[in-house]
Amino acid sequence: MTDAPSIPPADHLSYSTKPTDTDGMPGGIPFIIGNEAAERFSFYGMKCILTIFMVDYLQWMGSSETVAMSNAEATEHYHSFTAAAYFFPVLGALLSDVFLGKYRTILYLSIVYCIGHAALAMMGAPPMGASMWLFVGLFLISVGSGGIKPCVSAHVGDQFGERNKDLLTKVYQWFYFSINFGSFISTLLTPWVLENYGPHWAFGIPGVLMAFATLLFWMGRNRFVHIPPGGMKFLKETFSWTGISTILKLFCIFSFVAVFWALFDQTGSSWVLQAKSLNRNWMGIEWLESQIQAINPIMVLALIPVFQFGIYPALNTVFEMTPIRKISIGLFVMAGGFSIVSIVQQWIDAGGEPSISWQFLAYAILTASEVMVSITCLEFAYTQAPKTMKSVVMALFLLSVSLGNVFTAGVNRYIQTPSVLAAAEGLDASSFQPGESLSMSGFDALVDDQSTLTILGPDGKSGTEDDATLTFNDDGAVDAVTNSSEAAFAEAAQVIEDKFFAGQGGQVESELPSDADGNELIAGKTDGFGNPIRYKTLSRDRFLLVSMGADQVDGSRWDQTLTSIVSRAENKTESQDPNYFSWLERRKIEIEAGTDPEKIASVQQRLREERGGGEETKFKRSYAIGGRVLLEGAAYFWFWTKCIFVTACLFIPVGYFYKEKTYIQGDEDVEGYEPEAEATA
């Protein structure tokens with residue numbers, strides 16, 4: 001069998017196909033570093049607002065309000081996207097190592113990447129709905145971003161030969177510095193743009209930066225070393241004993257690292273949602289919940305030299321700090337970071353409002369773990385890979401990120417129960433025919449008219465006491481669900497709210513009742529099916545009532561819940577401009593009030609009260625059937641803390657038996673290795 005010819009770029013005569021024999025810095029490095037900073041700005045700028053966008057904004061992107069996405073559902077989608085973005089490196093690696101080479105793969109997929117950003121910026125525009133624009137945009141970004149990931153990292157290493165390979169560690173540190181510099185700036189800027197100018201600008205600006213990153217990479221084309229694609233040589237080396245054993249050995253290591261990523265990437269989901277319940281006033285600034293993520297990249301920039309010049313040399317005097325040992329210690333450090341947010345969540349669950357500084361402390365520990373695990377793995381994946389497998393092995397490392405996020409998304413999907421309101425989302429009420437039967441994600445319904453549906457209960461029969469009624473508003477959007485239990489839940493909620501208002505001297509209590517006190521207050525109250533109604537605080541300003549529902553099974557789709565949220569008049573501040581409204585508030589006014597001056601004034605006043613600072617403290621209730629989250633609050637965070645601690649313990653014997661072998665471009669000691677033929681005219 002003869003090797004398939006590699007495909008050189010069109011202007012290949014200007015390209016070098018092997019590293020220059022020098023001990024200096026390669027000429028293409030500045031273009032790679034600049035490209036990476038701009039690309040990471042685009043990726044993290046989009047990603048840092050994604051969870052908040054799905055929870056708070058997505059329902060307002062159409063012509064009328066739709067059902068809001070729950071925290072658990074948004075977390076699931078966030079990690080599904082992240083998993084896809086770190087799965088497509090496999091595609092990019094195959095394109096690069098077999099067919100196109102790294103340069104052309106990066107360039108072509110960067111264009112796909114730019115189109116994905118454009119799709120996100122178009123959300124709300126015809127002909128597709130906002131959810132479809134979101135799906136298309138995230139899919140294209142996951143293909144583009146994921147496809148170039150292994151190529152860019154491996155492209156850095158390709159610029160070095162035997163004489164200057166000692167500079168590789170330094171350049172990877174600069175590479176990681178550029179990643180975090182771009183991330184830091186975008187994480188501060190993009191949430192502010194979203195708050196004040198809305199999703200179109202917030203998603204559009206990262207798209208502009210991605211276009212600039214693509215242009216900058218193209219400008220460096222004549223400075224880069226272009227390692228030709230391996231063709232059949234790639235397959236021969238991959239399926240040689242060296243290739244197979246390398247993949248299996250590294251997969252064992254990276255499978256443990258996957259659990260690290262399952263926790264780390266929650267800084268963009270569960271940590272952001274936790275920040276909504278924290279006191280975010282720090283250093284005289286009221287921080288947006290999405291901006292808190294900026295503490296991670298700035299801490300990375302600070303901790304890299306601390307570890308490089310302080311901690312690692314100090315530990316080396318005690319024992320050799322091999323890559324495996326760095327990873328092992330880093331896994332235990334991650335357990336410490338998640339322990340802190342678990343404790344903070346316990347305080348929130350008890351009705352407290354801890355300072356955001358506690359999450360900053362958790363970030364410091366998490367970042368130390370990142371420096372020890374992520375940066376180490378980045379270099380480790382390159383040096384442990386045979387020559388024509390550099391991108392594939394880098395993709396294997398990135399696949400560990402995907403697997404970790406699949407795990408997180410799977411957990412969040414498992415802990416959700418189906419919701420009647422969510423199941424009915426997207427139905428066209430104008431097309432209903434009286435008596436028509438419908439099936440909605442497991443819920444069966446009968447059409448009463450074009451504004452109401454009868455949801456059949458667990459017995460599947462119409463006209464029985466377990467039926468519920470689903471109503472639609474004048475715009476045909478889902479409005480509310482009611483059944484025989486709603487009145488009982490309203491009575492129980494009133495008891496809790498009366499206790500809140502019955503403070504000393506007639507003053508409003510500063511805290512909701514504790515779980516024990518609340519359950520004592522509503523003891524004996526049952527839903528419409530005889531099940532006890534239970535009380536739980538979710539935060540300082542939110543409580544939950546829940547019962548087993550019509551099927552009398554706890555944790556099923558028929559569980560009934562009432563969530564009540566308090567807007568406090570005490571939250572008003574002297575500096576708050578009552579006439580300023582964020583983009584989201586302006587959008588709500590536009591959809592709910594149109595151009596009617598009286599309706600506009602009414603909605604504006606309601607929004608002032610919801611954000612605090614109204615004339616009086618009020619509660620807002622929301623009743624639902626299904627949609628319950630079975631693992632939430634501190635129990636959720638402690639689950640992940642236990643996962644990473646067990647993983648760290650199991651990694652110790654695996655890391656002990658791993659034997660390292662380093663491959664650098666220019667070596668010729670690899671089994672089956674043949675010098676790469678230089679491109680000819």
Side-chain angles (χ1 to χ4, degrees), residues 37-61 68-69 71 74-75 77-79 81-82 117 120-121 123-124 130 134 137-138 141 179-210 264-301 341 355-357 359-360 362-363 366-367 576-577 580-588 607 610-612:
E39 186 271 328
R40 290 292 84 184
F41 181 107
S42 75
F43 183 77
Y44 285 109
M46 174 276 302
K47 192 180 177 190
C48 76
I49 61 173
L50 187 56
T51 300
I52 289 298
F53 171 80
M54 289 188 289
V55 171
D56 293 336
Y57 288 76
L58 181 60
Q59 71 192 91
W60 298 98
M61 296 302 293
M69 192 178 291
N71 288 357
T75 300
H77 292 318
Y78 174 90
H79 289 281
F81 161 71
T82 306
H117 277 293
L120 293 186
M123 272 188 290
L134 179 66
L138 293 181
I141 289 175
I179 290 173
N180 287 279
F181 179 77
S183 172
F184 171 69
I185 298 299
S186 65
T187 305
L188 284 181
L189 176 64
T190 314
W192 179 84
V193 174
L194 178 67
E195 174 83 3
N196 293 280
Y197 296 99
H200 303 299
W201 281 101
F203 287 118
I205 291 174
V208 172
L209 266 291
M210 186 58 221
F264 178 85
D265 280 329
Q266 290 191 53
T267 56
S269 57
S270 62
W271 286 40
V272 172
L273 296 171
Q274 183 189 76
K276 295 177 72 174
S277 300
L278 298 176
N279 180 356
R280 300 192 302 277
N281 193 307
W282 186 67
M283 296 180 65
I285 300 173
E286 186 69 23
W287 295 82
L288 299 172
E289 51 268 59
S290 295
Q291 287 181 313
I292 309 304
Q293 299 169 77
I295 198 68
N296 172 245
I298 199 65
M299 283 186 173
V300 168
L301 302 181
V341 292
S355 169
I356 192 63
S357 60
Q359 205 177 82
F360 288 165
Y363 263 111
L366 174 138
T367 304
Q576 188 174 20
D577 181 358
Y580 172 77
F581 295 94
S582 67
W583 182 91
L584 181 58
E585 290 172 328
R586 297 195 300 270
R587 181 63 174 162
K588 290 179 180 179
L607 292 173
E610 288 180 356
R611 70 190 184 195

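Numbers here simply count residues along the sequence, with the first being 1. Below, all heavy atoms of this structure are taken into account, side chains as well, without hydrogens, waters or symmetry copies.
Note that the CG atom of Leu607 and the CZ atom of Phe581 stand 6.5 Å from one another [nearest 0.5 Å]. Going from atom CE of Met46 over to atom CZ of Phe41 covers 12.5 Å, rounded to the nearest 0.5 Å. Taking CE of Met123 as the reference point, atom CG of Leu58 lies at 7.0 Å (rounded to 0.5 Å). Met54 contributes atom CE, which lies 9.0 Å from atom OG of Ser269 (distance to the nearest 0.5 angstrom). Rounding to the nearest 0.5 Å gives a distance of 14.5 Å between CD of Glu585 and CZ of Arg587.
When atom types are taken as modelled, the side chain of Trp287 and the backbone of Trp282 share a donor-acceptor pair closer than 3.5 angstrom. Between the side chain of Thr51 and the main chain of Gly268, a donor-acceptor pair closer than 3.5 Å is present. Side-chain atoms of Gln293 come within 3.5 Å of backbone atoms of Ser290 as a donor-acceptor pair (strictly under, hydrogens ignored). A distance-only check finds a donor-acceptor pair linking the side chain of Gln274 to the backbone of Val341 [under 3.5 Å]. The main-chain N or O of Asn196 is found under 3.5 Å from a side-chain atom of Arg586 such that the two form a donor-acceptor pair. Checked by atom type and distance alone, the side chain of Ser183 never pairs as donor or acceptor with a backbone atom of Ile179 at under 3.5 Å.
Pairing each heavy atom of Leu134 with each of Leu50, the nearest pair is CD1-CD1, 4.1 Å. Taking each heavy atom of Ile49 and Gly45 in turn, the nearest pair found is CG1-O, 3.7 Å. Among all heavy-atom pairs drawn from Thr190 and Ala202, the shortest one is CG2-O, 3.4 Å. Counting all heavy atoms, side chain and backbone alike, Trp271 lies closest to Gln359 at O-NE2, 3.2 Å. When all heavy atoms of Phe264 and Leu366 are compared, the pair lying nearest together is CE1-CD2, 3.3 Å. Heavy atoms only, all atoms of each residue included: Val272 and Glu289 are closest at O-CB, 3.8 Å.
By the 4.5 Å heavy-atom criterion applied to side chains, Lys47 and Thr82 are counted as neighbours. Residues Leu194 and Pro199 form a side-chain contact, since some pair of their non-hydrogen atoms from C-beta on lies under 4.5 Å apart. Using a 4.5 Å cut-off on side-chain heavy atoms (C-beta onward), Phe53 and Phe203 make contact. Side chains of Ser186 and Pro206 form no contact here, defined as non-hydrogen atoms less than 4.5 Å apart. A heavy-atom distance below 4.5 Å is not found between the side chains of Gln59 and Met69. Within the 4.5 Å cutoff, no side-chain heavy atoms of Ile285 are placed close to those of Gln291.
Shown here is Phe181, whose CZ atom has no more than 12 heavy atoms of other residues, nucleotides or ligands within 6.0 Å.
Residues passing the side-chain contact (heavy atoms from CB on, under 4.5 Å) test with Ile295 are Ile298, Met299, Phe360, Tyr363, sequence neighbours excluded.
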Would Ile52 and Leu288 count as a side chain to side chain contact (heavy atoms under 4.5 Å, CB included) if you check the C-alpha gap in whole Å, the side-chain angles of each, and the deciding distance to 0.1 Å?
CA-CA 10 Å; Ile52 289 298; Leu288 299 172; over 6 Å; no
Begin with the C-alpha distance, continue with both residues' side-chain angles, and end with the deciding distance and a verdict on side chain to side chain contact (heavy atoms under 4.5 Å, CB included) for Leu138 and His77.
CA-CA 10 Å; Leu138 293 181; His77 292 318; over 6 Å; no
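For the residue pair Asn296/Thr367, the side-chain donor-acceptor check at 3.5 Å is satisfied.
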